[in-house]
Amino acid sequence: MRQWVDGRDAFAELSYFRAGFYECLSARADAFFELADALLCADGPVRTPVELSLQAEHSRGYGSLSGALNHGRLETGRLRDLLVSMPLPRFGGRIVLTVDVSPWLRSDAACSPERLYCHVHGRSKAAAQIIPGWPYSFVAALTPDRTSWTAVLDVVRLGPADDAAAVTADQLRQVMQRLITVGQWRHGDRDVLIVMDAGYDVMRLAWLLRDLPVELVGRLRSDRSLRLPAPPRVYQPKGGRPSRHGPEFSLARPETWTEPSAVTVNDTPRYGKAEARAWDLLHPELQQRSAWIDHDGELPIIEGTLIRLKVEHLPGDRDAPPVWLWSSATGAGPADVDFVWSCYLRRFDLEHTFHLFKQTLGWTRPRLRDPQAADRWTWLVIAAHTQLRLAAPLAADQRKPWEKTTRPGIALTPTRVRRGFRHIRPHLPRLAHVPKPSRAGPGRPPGSKNQHPATRHDVGKTVKRPSTLYERDRARG
């Protein structure tokens, strides 16, 4: 694991990553690599990828751009290993990861296969929509400072036959195994913290990843109900099975709450006074088999720490409802409680990364029909974003007259680093070869019609999962 301490080391890290990224390209490597450079050096947001062929950094024709996306080969396994080997931000020496899904909406692409119905949030609940598209699950390392930087480590496109929770668990497991392999996490280090929003079943993921050195933290809906630990077993003259669950703990009913195991109060500059209460050893009462259909035997008891965070106000003096968090770790003290909720608030930095991908780097701009081509473009955007992160110590602030001056000691935003990347690139090793002279192909003869119309594909899931043990055993034969 390498760390940088000055600009020279940052230059070496950036050069190392670019060389490793080039080695991950096995077909149409030069066109693909120059496309990434054009993406990094373009002026302003990317409106359409074909315009990147007009950049000086892209010395090939626009046809090579489409050929690289549609027919190029990118070894994603090697690129994943390369991403986790780069220097990662840490919270006092501890790695904090987050996972979230962002959709690539393709509502008008009836000939694009493997589309799913994606939930798109609006400014209110009534404005939310369900739109066909390709959902992508991202895993990123968070930074302790209040910035818009994250270190994206992995991405997986969810398909029509995938179970989202199982895919997320497998994705997090592979990321953790890579972190351990490259030495980012060593025996004796604190568990890696993984934060997620309410869309994930954090308790099921905690059970699936219980053999890894991770602590999972997720937000719970305010209408959830958990269970306190079961009371000590006592002798029953009439016999009977002892209770597995204690009294109910309803998040919406304060009369069911017990005395918290830890209480902390902190003053924050953005939210005013922040009060956190924690209850230890709370667990859900699992009753439905739908999500646990592959689990044999009695449903497990998954204990953790429940945290209620209440702040005075949100930015803009808006009212702040309480936030309920559940951590897979037990026996948390006051310092652990404060660390968990402060890391959860940093989870929203990933939203800035999604905004940069879509609004500046043009992640969802290409009208690609093949989902594999969309995967290649997604990995290219991630590689470009990683180069921006590594180039941040080297970039000079290219501030426009109407923009605020960056204060000393504050990292430049990704957009400002991108403005200066064109001045950094000439000092980096040249990897792509000079293009060979060629001429355009004949194409379709004038006046002829397309004799092979594209196939139209339905949207949605293609696999119906069993909901009972009888259906599961019958499907297994």
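Index from 1, following the sequence. Since this is a predicted model, take the numbers as computed values, not measurements.
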Please check: side-chain N/O of [X] versus main-chain N/O of [Y], any donor-acceptor pairing under 3.5 Å?
X      : Y      : answer
Asp370 : Gln372 : yes
Asp280 : Gly331 : yes
Arg178 : Ser85  : no
Ser137 : Val156 : no
Arg106 : Pro132 : no
Gln387 : Arg18  : no
Arg369 : Ala454 : no
Trp149 : Leu412 : yes
Trp134 : Pro113 : yes
Asp336 : Gly333 : yes

Min side-chain heavy-atom separation [X]-[Y] under 4.5 Å:
X      : Y      : answer
Asp201 : Leu205 : no
Val263 : Arg277 : yes
Thr143 : Arg389 : no
Pro135 : Trp104 : no
His283 : Leu281 : no
Leu35  : Arg28  : no
Leu83  : Val152 : no
Trp185 : Val214 : no

Within a reach of under 6.0 Å around [atom1] of [X], are more than 12 heavy atoms found that belong to other residues, nucleotides or ligands?
X      : atom1 : result
Asn266 : CG    : yes
Arg221 : CZ    : no
Lys273 : NZ    : no
Asp108 : CG    : yes
His457 : NE2   : yes
Arg244 : CZ    : yes
Arg210 : CZ    : yes

Please determine, by modelled atom types, if [X] and [Y] share a side-chain donor-acceptor pair under 3.5 angstrom.
X      : Y      : value
Arg416 : Thr406 : yes
Asp154 : Gln171 : yes
Ser225 : Glu248 : yes

* Begin with the C-alpha distance, continue with both residues' side-chain angles, and end with the deciding distance and a verdict on salt bridge (Lys or Arg N to Asp or Glu O under 4.0 Å) for Arg346 and Asp349. => CA-CA 6 Å; Arg346 294 267 59 85; Asp349 294 343; 2.9 Å; yes
* In sequence, state the C-alpha distance, the side-chain angles, and the governing distance for Leu79 and Ile382, and then conclude on side chain to side chain contact (heavy atoms under 4.5 Å, CB included). => CA-CA 10 Å; Leu79 183 54; Ile382 292 176; over 6 Å; no
Roughly how far apart are [X] [atom1] and [Y] [atom2], rounded to 0.5 Å?
X      : Y      : atom1 : atom2 : answer
Leu74  : Arg78  : CG    : CZ    : 10.5 Å
Ser107 : Ile130 : OG    : CD1   : 13.0 Å
Leu226 : Trp279 : CG    : CH2   : 11.0 Å

* Could you pull out the closest heavy-atom pair between Arg376 and Phe32, with the gap in Å? =>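 Taking every non-hydrogen atom into account, O-CZ, 3.5 Å.
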* To do: Could you pull out the closest heavy-atom pair between Ala320 and Lys310, with the gap in Å?
  => O-NZ, 3.0 Å
* **Within the 6.0 Å centroid threshold, strictly below: Phe138 and Trp363** =>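 Ring-ring flag for Phe138/Trp363: true, centres closer than 6.0 Å.
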* **Between Trp257 and Trp324, ring centroids under 6.0 Å** => yes
* **Passing candidate, side-chain contact (heavy atoms from CB on, under 4.5 Å) with Val195, options Val340, Leu345, Leu216, Val217** => Val217
* To do: Applying side-chain contact (heavy atoms from CB on, under 4.5 Å) between Thr353 and each of Thr98, Asp100, Thr150, report the one that passes.
  =>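 Option passing the side-chain contact (heavy atoms from CB on, under 4.5 Å) with Thr353: Thr150.
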* Report the C-alpha distance between Thr268 and Val311 in whole Å, list the side-chain angles of each, state the deciding distance to 0.1 Å, and finish with yes or no for side chain to side chain contact (heavy atoms under 4.5 Å, CB included). => CA-CA 9 Å; Thr268 63; Val311 299; 5.6 Å; no
* Asked: Going through the distances and angles, do Trp379 and Arg80 end up as a side chain to side chain contact (heavy atoms under 4.5 Å, CB included)?
  -> CA-CA 10 Å; Trp379 280 111; Arg80 287 185 170 103; 3.5 Å; yes
* To do: In sequence, state the C-alpha distance, the side-chain angles, and the governing distance for Leu142 and Phe91, and then conclude on side chain to side chain contact (heavy atoms under 4.5 Å, CB included).
  => CA-CA 9 Å; Leu142 299 177; Phe91 290 67; 4.1 Å; yes
